[in-house]
S.K.: 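Quick one: the structure is below, and I'll ask about it shortly.
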Amino acid sequence: MIVRYHVAANVGRKTSGIVPRALALAMFVACNKAEQPAAPVVPMVTRTDSAGIELVQIAKLDTSALETWEIGPQPITVIGDDARGDAHVFRSVRGPIRMADGRVMVALETEIREFDSTGTFTRNIARKGRGPGEFQDLSAMQRIHGDTLLVYERYPATATFFSPSGEYLRRTTVIRPRANEEVPGTSFKAAFPDGTLLLAQRPPGEHLSKLGVVWADSAKPLHVDITGKLIAEFPKHWDHDVTRVEARAGLTAQNKAHMSSFPAVPRRSVWGVAGNQLYYSVREKFEVELWSADGKLKRIIRMTTRDIPRTPADSDVYRFEGVTFDFAPVATPFVSPIANVESDRDGNLWIMLDKRALEGGAPAVLVLDSTGAPIARTSFKYDPALASKYRLLSNNRDISADAVTTEALDADDRQHVLVFRVRKTPALRSPTAGTR
C-alpha cells in the first residue's frame with residue numbers, strides 16, 4: 001500500500017511525493033489501531049434493578065481509586081487518667097460523644113460527664129436519681145440533628161434530650177413495661193438523625209435462652225417515635241443476632257448479677273442506623289442490606305470475598321475486669337470476612353474487614369457511601385508506645401468527618417476515652433469507570 005500526501009519544503013513550497021515504505025507501514029498500523037474499539041473497562045461497581053430493589057455489586061475493588069482516611073497515630077484528647085481525680089475514673093461507658101466545639105460528653109450508667117477539648121473534667125450534666133435529667137439505668141447516648149443529645153434509659157424505657165450546651169430539655173416515655181416483666185423486652189439500637197429510634201424488641205413470650213455456655217437473644221427491629229408510636233417494623237430474618245457469652249473464669253456474684261453487660265457478639269448479623277437508613281449485614285459473607293426508614297428494602301450491596309478457614313490465631317478469648325470470656329462455642333469453621341459494621345455522622349458505612357478477605361489483602365476498613373459505592377479505605381496508624389498502653393474497643397464509637405472518639409482499655413482494664421484526628425488524602429487516581 002502506498003500512501004500519497006503533501007509535504008512542505010524548507011521554502012514553504014508544497015510538493016507531491018511518495019512516503020517511504022517504512023513510514024507508510026507505521027502509519028497503516030496507527031490507522032488500524034485508531035479504528036479498533038477500546039478494550040472494555042470493568043467498573044468498580046455495577047448496579048442492576050430487581051423488582052425495585054437495587055443490587056450493587058462491588059465487582060473489582062480498586063483501592064488506588066479510593067481516598068485514604070488515616071486515624072491517629074496520637075490521640076488529640078485523652079480522658080480517663082485517674083491521677084486527675086475521681087471524675088476521670090470510668091466503669092460501663094455507655095457512649096462518648098464529641099461535640100462540634102471539641103467538648104466530649106461521656107455517658108455512664110447513672111450520669112453524664114462533660115470534658116473540655118483538652119480532656120479536663122468540667123461538670124456533670126446528669127446524675128443518679130429519678131428527677132428531670134437524672135438516671136437509674138442509662139443505656140445509650142447519641143448525637144442527633146444539630147448537636148442535640150438523645151439519651152435512652154433502658155428500664156423504664158425513656159428518651160431524654162439535652163441541648164448542645166448540655167442543658168436538660170425534656171423526657172418522654174417510649175415503651176411501658178409489660179406486665180410482670182423482670183427483664184426489659186425492648187432495647188435501644190440506634191437513633192435516626194430526626195430523633196426517632198431503632199429498637200430491638202424481643203417478641204412476647206420469648207426470653208433469653210441458655211444454649212450451652214451462651215445466651216441467645218432473638219430480637220425484631222422496630223422504628224418508633226419518642227412516644228413509642230410505631231413508624232415501621234422490619235422482618236425478623238436475623239434471629240438470634242446476639243450471643244452473650246458466659247465467663248469461664250473469674251466470675252463473681254457481683255458481675256454475675258449484671259449478665260446483660262457481659263460481652264456479646266453478633267451471631268449471624270450486625271444491624272443499626274446509617275443516616276436515614278437501617279443497615280443489616282450477615283456475617284457469613286459480604287452482603288449488606290439497606291432499608292428505608294419506612295421499612296422497605298431498597299438496596300443490597302455485595303462483594304465476592306475469599307473463604308477464611310479459622311486457625312488457632314483466630315482465638316475468641318476476651319478478658320475484662322479480671323473475668324475471662326470464651327467465644328469458641330459460637331465460633332464457625334470459617335472466619336467472617338466482615339468483622340463489624342459501623343456508621344458515621346454522614347451516613348457512610350464503615351465495613352471492618354478481615355485482612356484475608358481479598359486476594360492481595362483487604363483494607364482494614366472499607367468506607368461505603370449511602371448508595372453502596374466505595375469511597376475510602378481507612379486504618380488506625382497507632383503509635384507503638386500507645387498500643388502497648390491501650391487496647392481500643394470497636395463499640396460505642398462516635399465517628400465524625402474529622403475525628404473518631406472511641407473507648408479503650410489500659411493494661412489494668414481501666415476504661416478511657418480517646419479522640420483521634422481523621423486525616424484525609426485524595427485518591428491516587430480517578431476510578432477507571434463509573435457505575436452502570
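In this chain, numbering begins with 1 at the start of the sequence shown.
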S.K.: Could you tell me whether Glu287 and Arg302 make a salt bridge, using a distance below 4.0 angstrom between a side-chain N and a carboxylate O?
M.R.: yes

S.K.: Looking at Glu109, is its backbone amide N or carbonyl O close enough to the side chain of Ser92 to form a donor-acceptor pair, meaning the two atoms are under 3.5 Å apart?
M.R.: no

S.K.: Is the side chain of Ser139 donor-acceptor paired with the backbone N or O of Tyr152 at a distance under 3.5 Å, no angle test?
M.R.: no

S.K.: Flag the pair Asp402 and Lys424 as a salt bridge only when some basic side-chain nitrogen lies within less than 4.0 angstrom of an acidic carboxylate oxygen.
M.R.: no

S.K.: Considering non-hydrogen atoms only, spot the tightest contact between Asn396 and Gly95 and give its length.
M.R.: ND2-N, 4.2 Å

S.K.: If every non-hydrogen atom of Leu149 is compared with every non-hydrogen atom of Met141, which pair is closest and at what distance?
M.R.: CD1-SD, 4.1 Å

S.K.: Do the charged groups of Asp344 and Arg397 touch, with an N to O distance under 4.0 Å?
M.R.: no

S.K.: Treating Tyr279 as the side-chain partner and Ser343 as the backbone partner, does any N or O pair qualify as donor plus acceptor under 3.5 Å?
M.R.: no

S.K.: Kindly indicate whether the side chain of Ile97, heavy atoms from C-beta on, has any atom under 4.5 Å from the side chain of Met99.
M.R.: yes

S.K.: Given 3.5 Å as the limit, does a donor-acceptor pair link the side chain of His223 with the main chain of Ala293, or not?
M.R.: yes

S.K.: With sequence neighbours left out, write down each residue that passes side-chain hydrogen bond (donor to acceptor under 3.5 Å, both in side chains) with Arg356, or none if nothing qualifies.
M.R.: Asp314, Asp354

S.K.: Is the backbone N or O of Ser370 less than 3.5 Å from a side-chain atom of Gln277, with the two atoms forming a donor-acceptor pair by type?
M.R.: yes

S.K.: Indicate the atoms forming the closest heavy-atom contact of Trp291 with Leu297, along with that distance.
M.R.: CE3-N, 3.4 Å

S.K.: Could you check Glu54 against Arg47 for salt bridge (Lys or Arg N to Asp or Glu O under 4.0 Å), going step by step and ending with a plain yes or no?
M.R.: CA-CA 7 Å; Glu54 185 180 51; Arg47 299 177 186 271; 3.2 Å; yes

S.K.: Step by step, work out the salt bridge (Lys or Arg N to Asp or Glu O under 4.0 Å) result for Arg414 and Asp82.
M.R.: CA-CA 9 Å; Arg414 292 174 297 194; Asp82 55 2; 2.9 Å; yes

S.K.: Salt bridge check, Arg123 against Glu167: does any charged N sit closer than 4.0 Å to a carboxylate O?
M.R.: yes

S.K.: Between Arg143 and Thr148, is there a side-chain heavy-atom distance shorter than 4.5 Å?
M.R.: no

S.K.: In sequence, state the C-alpha distance, the side-chain angles, and the governing distance for Thr332 and Arg310, and then conclude on side-chain contact (heavy atoms from CB on, under 4.5 Å).
M.R.: CA-CA 8 Å; Thr332 59; Arg310 185 174 296 277; 3.9 Å; yes

S.K.: Using a 3.5 Å distance criterion without hydrogens, assess whether the side chain of His416 forms a donor-acceptor pair with backbone atoms of Gly80.
M.R.: yes

S.K.: Within a 6.0 Å radius of atom CG on Asp101, are there more than 12 heavy atoms belonging to other residues, nucleotides or ligands?
M.R.: yes

S.K.: For a side chain to side chain donor-acceptor pair (under 3.5 Å) check, start with the C-alpha distance between Thr46 and Gln57, then their side-chain angles and the critical distance, and finish with the verdict.
M.R.: CA-CA 5 Å; Thr46 60; Gln57 178 69 43; over 6 Å; no

S.K.: Under 3.5 Å, side chain of Arg84 to main-chain N/O of Phe121, donor-acceptor pair present?
M.R.: no

S.K.: Say whether, by atom type as modelled, one donor and one acceptor occur between the side chain of Arg91 and the main chain of Leu108 under 3.5 angstrom.
M.R.: no

S.K.: Do we get Arg113 above Phe90's six-membered ring, with its NZ or CZ under 6.0 Å from the centre and within 45° of the axis?
M.R.: no

S.K.: Walk me through whether Arg154 and Asp137 qualify under salt bridge (Lys or Arg N to Asp or Glu O under 4.0 Å).
M.R.: CA-CA 6 Å; Arg154 193 168 74 107; Asp137 188 13; 3.4 Å; yes

S.K.: I want to check something: taking the side chain as every heavy atom from C-beta on, are Leu368 and Pro374 in contact at a cut-off of under 4.5 Å?
M.R.: yes

